[in-house]
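Residue numbering restarts at 1 for every chain, and letters A, B, ... go by the order of the sequence lines.
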Amino acid sequence: MSTATTAATFAEGLSAGIGAIEGESETILALRLEGSRAVTATGVPTPKQEAWRFTNLKALAATPHEPAGPGTADITPWRISDSHRLVFVNGRYAAELSAVGGLPDGVTITPLAAALGAGSERASFALGKGINLADHPFAALNTANFVDGAFVHLGRGAIVEKPIHLLFVAVGGERPTWSAPRTVISADPTSEASIVEHYVGTGGRTLTVPVTEFHLAPGAVVRHVRLQEESREAQHIAFQSSRQGRDSRLFSIALNVGAALARTDIDAELGAPGAHASLDGLYLVEDDQHTDSHLQVRHAAPHCTSHELYKGILDGSSRAVFNGRIIVDPGAQQTDAIQSNRNLLLSAGALVNSNPQLEILADDVRCTHGSTVGRLDEEAVFYLRSRGIGRATAESLLTYAFAAEIVQQIPVTEIRERMERHLVERLPQGELAREAF
Amino acid sequence: MLKLKNLHVSVDNTEILKGIDLTVKPGEVHAIMGPNGSGKSTLASVLAGREEYEITDGEILYSGSDLTELDAETRAREGIFLAFQYPVEIPGVSNTYFLRSALNAIRNHRGLPPLDAMDFLELVKEKAKLVKLDEGLLKRPVNEGFSGGEKKRNEIFHMAVLEPRLAILDETDSGLDIDALRIVAEGVNALRSADRSFVLITHYQRLLNYIVPDYVHVLKDGKIVLSGGRELALQLEEKGYDWLEKEPAAAAV
């Protein structure tokens with residue numbers, strides 16, 4: 001992390017300096033400076049800015065955060081048995097916890113610092129491409145400060161059978177700390193892989209500001225699951241960017257369960273004909289958790305398809321924000337875009353702000369969007385009860401079923417099971433409901 | 001089995017049922033007919049335990065005890081089954097799983113061990129045949145994407161698996177073509193037994209050509225205005241519900 005001394009507040013610390021990786025290229029240095037300038041100019045966003053209207057970072061801005069130092073953790077609970085695994089603790093590579101082996105030819109899975117330090121042109125070339133730092137202060141902050149993360153390169157036609165597990169552990173201390181892992185996924189033509197991006201924590205007031213980029217060449221297929229299950233004291237402000245070539249396909253599922261505050265900005269661009277992006281999500285929040293998903297999908301070429309289904313289950317006095325925007329550029333004819341946000345409220349105190357938007361500048365397209373916020377369908381509950389199923393079981397079953405539409409799509413079994421367990425833990429008759437699936 | 005005494009029921013302070021007396025003995029099939037808005041579906045809902053209905057007077061006795069004390073799930077476990085007029089779609093929950101949960105909840109209530117998956121599957125296949133339900137519909141989410149006829153057959157299928165003591169069919173015949181109606185009727189007839197009773201709520205006498213009732217009651221404006229045997233249904237079919245208005249005395253049996 002940056003070598004600057006701790007600032008009085010997080011806001012003041014934003015311009016404290018930049019990080020550096022030994023051996024990184026001039027291009028990266030220039031990018032870091034651009035990031036630093038951008039974040040200094042914007043500062044910590046306030047609710048006066050439209051994109052941050054419902055997510056207030058006042059407390060974060062006022063709290064000093066030190067760059068997180070090295071640490072270690074027992075990763076047993078989060079392991080995926082049969083995978084290629086890179087582990088990062090506080091944004092730094094933990095070699096002793098990682099295990100990558102038996103990769104097919106043409107595939108690289110390595111810490112980003114190692115790639116950049118060794119002068120990888122591929123990593124250097126892809127990094128930051130297409131990300132508008134001026135509009136995304138936390139992406140800018142990450143760009144200025146990252147010291148490591150994952151670099152995955154899939155060579156032409158390479159197929160990785162086992163899931164690639166990128167595990168980011170936030171280990172908190174007595175005082176608030178922050179880290180900014182950076183992940184670059186670069187998929188050459190017709191390559192294929194499943195990637196699990198996994199954020200966990202051991203407790204403490206940690207802030208994680210990750211940036212993850214996908215660069216998909218023509219015909220590449222990437223399945224991606226992003227599971228955020230950090231500790232309840234944590235804050236998580238993430239940015240995900242994807243750039244897709246002709247006929248490439250990205251299937252991405254964002255799962256938000258943990259953290260006191262979690263904000264995820266997803267910026268997807270379909271830049272060549274035939275590209276497809278599925279960007280689905282599920283958030284489970286309770287107590288006073290706050291989750292915010294901002295998605296922007298740009299159709300920049302004709303004959304592309306995008307599918308977004310975000311579902312949320314809210315309990316306690318939790319709050320969810322969903323903002324989805326589909327942009328169809330002039331000339332992006334035959335676009336087929338679907339966006340839907342559905343929320344289930346389990347308590348009277350939970351609140352949702354859902355705002356789906358379309359911006360269509362082509363005339364031959366099919367775009368649909370919509371959002372719903374509601375409680376369990378009482379008619380359905382009664383139907384189950386009238387067949388002998390008790391109320392608590394009926395409600396758990398219907399809630400589970402609501403989430404199952406997303407959970408069942410999770411391509412990695414152990415992650416799917418983790419999500420099932422999260423659901424079960426939050427439902428009064430969860431175990432019974434789980435048997436249904 | 002079932003005894004209603006001077007039953008008065010209101011919804012949102014509007015009285016819908018205005019003093020119903022009815023006795024259903026084990027093994028009997030009672031048809032309740034009546035024009036739209038006469039209170040037929042309210043009667044079905046009250047028996048099944050819908051909470052928005054308020055009983056303002058009278059009582060409902062089921063096997064000699066007060067039914068109104070029991071919530072909907074307990075009534076079901078005690079052997080009451082309601083076939084819905086509009087079966088509900090339950091996205092994400094498979095028909096088979098739903099039914100197994102229901103059956104095991106009922107078995108548990110009766111002190112029986114849960115049925116294991118294999119035994120249950122056999123039972124389900126056998127009962128599905130009874131109502132000619134496509135086995136593909138067993139794995140699908142409950143009622144989701146089912147045709148109108150499939151939904152109604154699915155209700156009878158549920159009934160066949162759960163084996164209630166008192167089955168209430170709320171306009172199960174409406175919206176069915178004659179083939180589907182026959183299948184539903186055959187399903188019901190196959191389940192008729194000396195210790196199982198049926199209350200058929202219907203607007204049309206057509207159903208009663210296939211399920212022959214022991215008694216027919218005519219409900220009008222929240223009251224049973226006429227009771228008789230099967231021939232009463234035929235008279236209604238011939239003369240229409242208006243006949244009740246014009247010649248109430250003549251109609252009395």
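Side-chain contact check for A/Asp336 and A/His307: no donor-acceptor pair (N or O, by modelled atom type) lies under 3.5 Å.
In terms of heavy-atom pairs under 4.5 Å with chain A, the best-connected choice from B/Arg75, B/Arg77, B/Arg50 is B/Arg50. Interface check for chain A: of the options B/Met159, B/Glu78, B/Glu89, B/Glu155, the most heavy-atom pairs under 4.5 Å are formed by B/Glu155.
The distance between the ring centers of B/His158 and B/Phe98 falls below 6.0 angstrom. Checked against a 6.0 Å centroid threshold, the rings of A/His276 and A/Phe251 count as neighbours.
Contact annotation for B/Ala117: neither backbone nor side-chain heavy atoms come within less than 4.5 Å of a heavy atom of chain A. Contacts of A/Leu384 with chain B are made by both backbone and side-chain atoms, with heavy-atom separations under 4.5 Å. Proximity to chain A is limited to the side chain of B/Glu51, based on heavy atoms less than 4.5 angstrom apart. A/Glu405 does not touch chain B: none of its heavy atoms, backbone or side chain, sits under 4.5 Å away.
Both the sub-6.0 Å distance and the 45° axial angle are satisfied by A/Arg387 relative to the ring of A/Tyr383.
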Worked check of side-chain contact (heavy atoms from CB on, under 4.5 Å) between B/Phe120 and B/Lys125: CA-CA 9 Å; B/Phe120 178 73; B/Lys125 284 187 173 173; over 6 Å; no
